There are 2 protein chains.
Amino acid sequence: MGIFSKTCEYALRAVFFIARRTVEGNRVGIKEIASGIDSPEHFLAKILQDLTRRGIVQSVKGPNGGFYLNQQSLARPLIEVIEAVDGDGLFRDCGLGLKECSSKNPCPLHSGFLEVRNRLQSMLESITIGQFNEDLNLGIVVLKK
Amino acid sequence: MGIFSKTCEYALRAVFFIARRTVEGNRVGIKEIASGIDSPEHFLAKILQDLTRRGIVQSVKGPNGGFYLNQQSLARPLIEVIEAVDGDGLFRDCGLGLKECSSKNPCPLHSGFLEVRNRLQSMLESITIGQFNEDLNLGIVVLKK
DNA sequence: ATAATAAAAGATGTTTTTGTCTTTTATTAT
DNA sequence: ATAATAAAAGACAAAAACATCTTTTATTAT
């Protein structure tokens with residue numbers, strides 16, 4: 001089990017992929033995205049449909065259609081994608097699964113977790129969907145294998 | 001989705017619960033553990049059977065039997081329980097699900113993740129199963145609700 | 001030895017996650 | 001208008017996670 005669901009992993013790789021194509025001035029089809037990030041095509045389609053409904057990615061149907069990102073979406077922090085897909089449980093729920101864990105009524109790991117996941121959260125708030133385009137083009141970072 | 005599997009959450013709550021009873025000098029039965037940590041009894045039984053096989057908790061059958069922790073187990077870092085149940089994926093696998101993600105061939109989040117999860121890892125290495133017994137007795141920390 | 005106890009093991013069921021395949025709808029170029 | 005294109009939506013299936021119930025085995029007290 002990774003830190004995110006498989007669904008979320010695909011979503012994140014996909015938005016990075018779409019961002020890169022977008023700044024090149026192109027829309028990109030589901031087939032190309034799926035093969036570009038090594039994900040099951042139809043499964044990814046569902047994920048992107050959902051993100052589109054939520055306004056996190058943009059799409060148009062028909063010839064020359066495909067997915068893309070508007071300026072607002074390119075500037076979006078990664079955490080918005082994660083919360084849209086996996087919810088905010090990773091940042092809010094008790095590490096031991098307690099319903100009412102809080103600073104008033106903490107589980108043994110409460111304070112330790114607080115620090116670690118605040119860091120995770122602020123990291124994911126500071127990273128944007130569009131910030132890796134150049135690194136992706138240069139091959140400094142990758143989205144498959 | 002929390003950071004750990006449900007199975008792992010139950011395992012962690014259970015070992016804390018057993019630790020507390022152990023230092024009081026008692027073995028504790030599965031029924032009492034399950035109700036003490038609010039978990040499904042038979043499901044927890046499986047989990048503890050597995051941890052027993054791995055030597056992470058101890059048990060004896062029959063009257064006056066039950067689960068307990070020897071000195072070595074009481075001193076065990078929490079990460080050993082987590083790795084026994086969920087594996088080490090949380091600390092090793094790529095956040096975006098790439099098979100070959102590394103510093104040589106990083107995903108966009110590679111370096112950011114490295115820092116956060118090294119912190120998580122060292123936190124879980126420094127906490128021991130037996131270190132919350134007093135806080136549990138005083139009600140400063142809790143294992144259910 | 002026997003009965004009672006409690007973990008271990010086995011069988012089975014449910015729900016969620018992940019994945020595939022087909023049909024429909026919207027858009028564009030001709 | 002029509003045909004081609006590509007996302008959207010729907011139906012279905014496999015696998016994994018989560019959960020329950022029953023039977024067996026080991027241990028202890030009598």
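For clarity, every value in this text was computed on a predicted model and none was experimentally measured. Within every chain, numbering begins at 1; the chains are lettered A, B, ... in the order of the sequence lines, protein sequences first and strands thereafter.
- Residues A:Phe132 and A:Ile33 fall within the same hydrophobic cluster, defined by Ile, Leu, Val, Met, Phe, Trp and Tyr side chains chained together at heavy-atom separations under 4.5 Å.
- Residues forming a side-chain contact (heavy atoms from CB on, under 4.5 Å) with B:Gln71 (at least two apart in sequence, or on another chain): B:Leu74.
- A:Arg13 has its CZ atom 14 Å from the C1' atom of C:dT18, to the nearest Å.
- Checking B:Asn64 against A:Val60, the closest nucleotide of DNA chain C that is more toward the 5' end is the one next to B:Asn64.
- For A:Ser102, the side-chain contact (heavy atoms from CB on, under 4.5 Å) criterion is met by A:Lys104, A:Asn105, not counting sequence neighbours.
- Within 4.0 Å of B:Val28, counting heavy atoms only, lie sugar-phosphate atoms of the nucleic acid but no base atom.
- In this structure, A:Ile47 atom CD1 and C:dT20 atom C1' are separated by 13 Å, rounded to whole Å.
- Following rounding to the nearest Å, A:Leu48 (CG) and C:dT18 (P) show an atom-to-atom distance of 15 Å.
- A residue-by-residue look at A:Pro63 and A:His42 shows that A:Pro63 has its nearest nucleotide of DNA chain D further toward the 5' end.
- Residues A:Thr52 and A:Gln58 have side chains that never bring a donor and an acceptor to within less than 3.5 angstrom of each other.
- Whole-Å rounding puts the A:Leu44 CG to C:dT17 C1' distance at 16 Å.
- Note on B:Arg53: only backbone sugar-phosphate atoms sit closer than 4.0 angstrom, heavy atoms only; bases stay farther off.
- Residues A:Glu32 and A:Arg21 are paired through a salt bridge, judged by an N-O separation under 4.0 Å between the basic side chain and the carboxylate.
- Residue B:Phe43 contributes atom CZ, which lies 16 Å from atom P of C:dT14 at whole-angstrom precision.
- Both A:Lys61 and A:Phe4 sit near DNA chain C, but only A:Phe4 has its closest nucleotide nearer the 5' end.
- The SG atom of A:Cys8 sits 11.0 Å away from atom CZ of A:Arg13, with the distance rounded to the nearest 0.5 Å.
- B:Asn64 and B:Arg27 form no side-chain donor-acceptor contact under 3.5 Å, judged by distance and modelled atom types alone.
- Applying the ring pair (Phe, Tyr, Trp, His ring centres under 6.0 Å) definition to pairs two or more places apart or across chains, those involving residues 42-97 of chain B are B:Tyr10-B:Phe43.
- Between the CD1 atom of A:Ile37 and the C1' atom of C:dG19 there is a distance of 14 Å, rounded to whole Å.
- If you walk DNA chain D from 5' to 3' and mark each nucleotide with an atom closer than 4.0 Å to a heavy atom of chain B, the marks span D:dC18 to D:dA29.
- Phosphate proximity of C:dG19 to A:Tyr10: present, with a side-chain N or O under 4.0 Å from OP1 or OP2.
- Between the C1' atom of C:dG13 and the NZ atom of B:Lys46 lies a distance of 13 Å, rounded to the nearest Å.
- Helical stems involving DNA chain D, defined as 3 or more consecutive Watson-Crick or G-U pairs under 3.5 Å, span C:1-30 with D:1-30.
- The list of salt bridge (Lys or Arg N to Asp or Glu O under 4.0 Å) pairs with a residue in residues 130-145 of chain B, not counting sequence neighbours, is empty.
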